[in-house]
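Scope of the values below: all heavy atoms of this structure, side chains included, with no hydrogens, waters or symmetry mates. Keep in mind it's a predicted model, so treat the numbers as computed, not measured.
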Amino acid sequence: RFKVDGTIALQSFIDIPAHTTIDGVGRSIHITGVRESHLLRVSGARGAYNVIVRNLSFRRGVSGDEQDACNLCKIDIVVNQGSRQILIENNSFQYCINKCIAIQGGIQEVTVSYNKFLNSYYAILVGLSDSMDRPQARFDGRIQVTIHHNLFSGIRRRQPRANRSLFVHLFNNLHDGWGNDSSADFAVGSTTGAQVLIENDIFIAPSLIKTAVVYTWPGSGISDGLI
């Protein structure tokens, strides 16, 4: 925990080992950093386990102009392959310049709850990126991510997007708008053998933009997921 309020400007990422809690409860803790580095990485030789990140504010940019989804820019929190029993709770993510959270494949028991995702291009990617040349794995129900009681507002895509043969459970989230000017924009996506269960989520559609609530990439050359 932290003894004083403050802003932590990172020049490189913090590697979080197993059995670690980072908790800003009772304080105002803002974490920012350079575009070329992640902020926090849940890691280890085979991933980390029993990690809690809560009550923190992550903010990279200062305006909506910086939410550019830059492919070379890094992510606020990365959960590496092999990690398990991870809780990301009651944090605020604003003006992420790539994804706010990336949860890679081969993970178990990851929960993302009571967070605010604001004014960013992407919110959450679960599973390996399309840019990673990995064969599609057989669906494994043990690879599970739970996303509940979160606010997504001003997020263009990926609230979340699930990718590559894993299971994601969403419930009691509020999705307040999505999309911008592209018909490819969407709120929740599932592809390449992923399975997504959505229960009791609220979707407030953008008034002037016709984009998908959920998307599974039919006919795109990317194998469909299930929602």
Side-chain angles (χ1 to χ4, degrees), residues 24-25 52-61 63-64 67 69 75-77 79 86-103 107 109-127 141 143-164 166-218 220 222 224-227:
V25 65
I52 298 173
V53 178
R54 65 186 352 160
N55 298 312
L56 302 173
S57 172
F58 297 87
R59 179 169 175 154
R60 297 273 197 147
S63 72
Q67 51 171 304
I75 302 156
D76 287 6
I77 298 181
V79 180
I86 310 298
L87 174 63
I88 301 172
E89 182 178 68
N90 202 35
N91 301 288
S92 173
F93 299 86
Q94 191 167 13
Y95 300 127
C96 304
I97 56 174
N98 195 318
K99 294 170 280 290
C100 300
I101 299 175
I103 302 170
I107 47 80
E109 301 174 28
V110 175
T111 299
V112 179
S113 59
Y114 296 97
N115 300 284
K116 295 179 181 179
F117 298 91
L118 308 172
N119 304 317
S120 301
Y121 200 99
Y122 298 142
I124 305 172
L125 174 67
V126 181
I143 302 176
Q144 297 183 358
V145 176
T146 302
I147 300 172
H148 68 89
H149 290 93
N150 298 285
L151 167 65
F152 300 91
S153 181
I155 303 296
R156 183 166 172 176
R157 303 181 185 178
R158 300 185 181 179
Q159 307 178 26
R161 174 179 172 178
N163 197 25
R164 297 185 186 269
L166 43 74
F167 178 75
V168 179
H169 185 195
L170 283 77
F171 62 92
N172 294 348
N173 299 287
L174 173 59
H175 307 259
D176 186 5
W178 56 90
N180 190 347
D181 57 1
S182 170
S183 60
D185 289 339
F186 58 92
V188 177
S190 177
T191 185
T192 323
Q195 297 185 15
V196 178
L197 172 64
I198 304 174
E199 296 182 299
N200 298 322
D201 278 25
I202 297 175
F203 294 87
I204 302 175
S207 58
L208 300 178
I209 304 170
K210 294 183 179 180
T211 57
V213 177
V214 297
Y215 201 69
T216 57
W217 284 263
S220 64
I222 302 174
D224 293 355
L226 299 175
I227 294 182

Student: To the nearest 0.5 Å, what is the distance between NE2 on H149 and CZ on F171?
Tutor: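 It comes to 6.5 Å.
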Student: Please find the pair of heavy atoms, one from L166 and one from G127, that lie closest to each other, and give the distance.
Tutor: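 Between these two residues, the closest heavy atoms are CD2-CA, 3.7 Å.
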Student: Applying the side chain to side chain contact (heavy atoms under 4.5 Å, CB included) criterion to H175, which one of L151, I204, L170, I198 satisfies it?
Tutor: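 The residue from L151, I204, L170, I198 that satisfies side chain to side chain contact (heavy atoms under 4.5 Å, CB included) with H175 turns out to be L170.
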Student: Mind checking the CG-SG spacing from L118 to C100? Nearest 0.5 Å is all I need.
Tutor: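 The SG atom of C100 is 8.5 Å from CG of L118, to the nearest 0.5 Å.
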Student: Is the shortest side-chain heavy-atom distance between W178 and R157 below 4.5 Å?
Tutor: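 The answer is no; the side chains never approach within 4.5 Å.
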Student: Is there a side-chain contact between T111 and H148, using heavy atoms and a 4.5 Å cut-off?
Tutor: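 Yes - at least one pair of side-chain heavy atoms lies under 4.5 Å apart.
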Student: Is the closest side-chain heavy-atom distance between Y122 and I75 below 4.5 Å?
Tutor: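 Result no, sub-4.5 Å side-chain heavy-atom pair not found.
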Student: Is a side-chain donor or acceptor of D76 paired with a backbone partner of C96 at a separation under 3.5 angstrom?
Tutor: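 Side chain of D76 to backbone of C96: no pair is present.
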Student: Which residue is it: L56, I52, I101? I am looking for the one with a side chain to side chain contact (heavy atoms under 4.5 Å, CB included) to I88.
Tutor: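 Between I88 and the candidates, side chain to side chain contact (heavy atoms under 4.5 Å, CB included) is satisfied uniquely by I101.
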Student: When you look at V188 and F203, which way does the side-chain contact (heavy atoms from CB on, under 4.5 Å) test go after all the steps?
Tutor: CA-CA 10 Å; V188 177; F203 294 87; 4.0 Å; yes
Student: Determine whether S113 and T146 make a side-chain contact, defined as any pair of heavy atoms from C-beta on separated by less than 4.5 Å.
Tutor: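 Side-chain contact under 4.5 Å: no.
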Student: Within the structure provided, determine whether L125 and R161 are in side-chain contact (heavy-atom separation under 4.5 Å).
Tutor: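 SC-SC contact between L125 and R161 confirmed.
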Student: So, taking the atom named CZ in F93 and the one named CD1 in I155, what distance separates them when rounded to the nearest 0.5 Å?
Tutor: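 So the CZ of F93 and the CD1 of I155 are separated by 10.5 Å.
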Student: With N150, which residues qualify under side chain to side chain donor-acceptor pair (under 3.5 Å), at least two apart?
Tutor: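 Testing N150 for side chain to side chain donor-acceptor pair (under 3.5 Å), a comparison that skips the adjacent residues, returns N115, N173.
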Student: List the atom of P160, the atom of V126, and the distance in Å for their closest heavy-atom pair.
Tutor: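 Scanning both residues, the minimum pair turns out to be CB-CG2, 4.4 Å.
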Student: Side-chain contact, heavy-atom cut-off 4.5 Å: D201 with F152?
Tutor: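 D201 does not reach F152 side chain to side chain.
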Student: So, do I107 and I86 sit near enough that their side-chain heavy atoms are less than 4.5 Å apart?
Tutor: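 A side-chain contact under 4.5 Å is absent here.
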Student: Taking side chain as C-beta onward, heavy atoms only, is I103 less than 4.5 Å from V112?
Tutor: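 They are in side-chain contact.
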Student: Check whether S120 reaches the backbone of Q94 with its side chain - one donor and one acceptor, N or O, closer than 3.5 Å.
Tutor: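 Absent.
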Student: For the NZ atom of K116 and the CG atom of L174, what is their distance to the nearest 0.5 Å?
Tutor: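 Answer rounded to 0.5 Å: 11.5 Å.
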Student: Report yes or no: does Q159 contribute a side-chain atom to a donor-acceptor pair with the main-chain N or O of G177 at less than 3.5 Å?
Tutor: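 Checked: pair present.
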Student: As a quick check of understanding, evaluate side-chain contact (heavy atoms from CB on, under 4.5 Å) for R54 and Y114, giving each step before the final call.
Tutor: CA-CA 9 Å; R54 65 186 352 160; Y114 296 97; over 6 Å; no
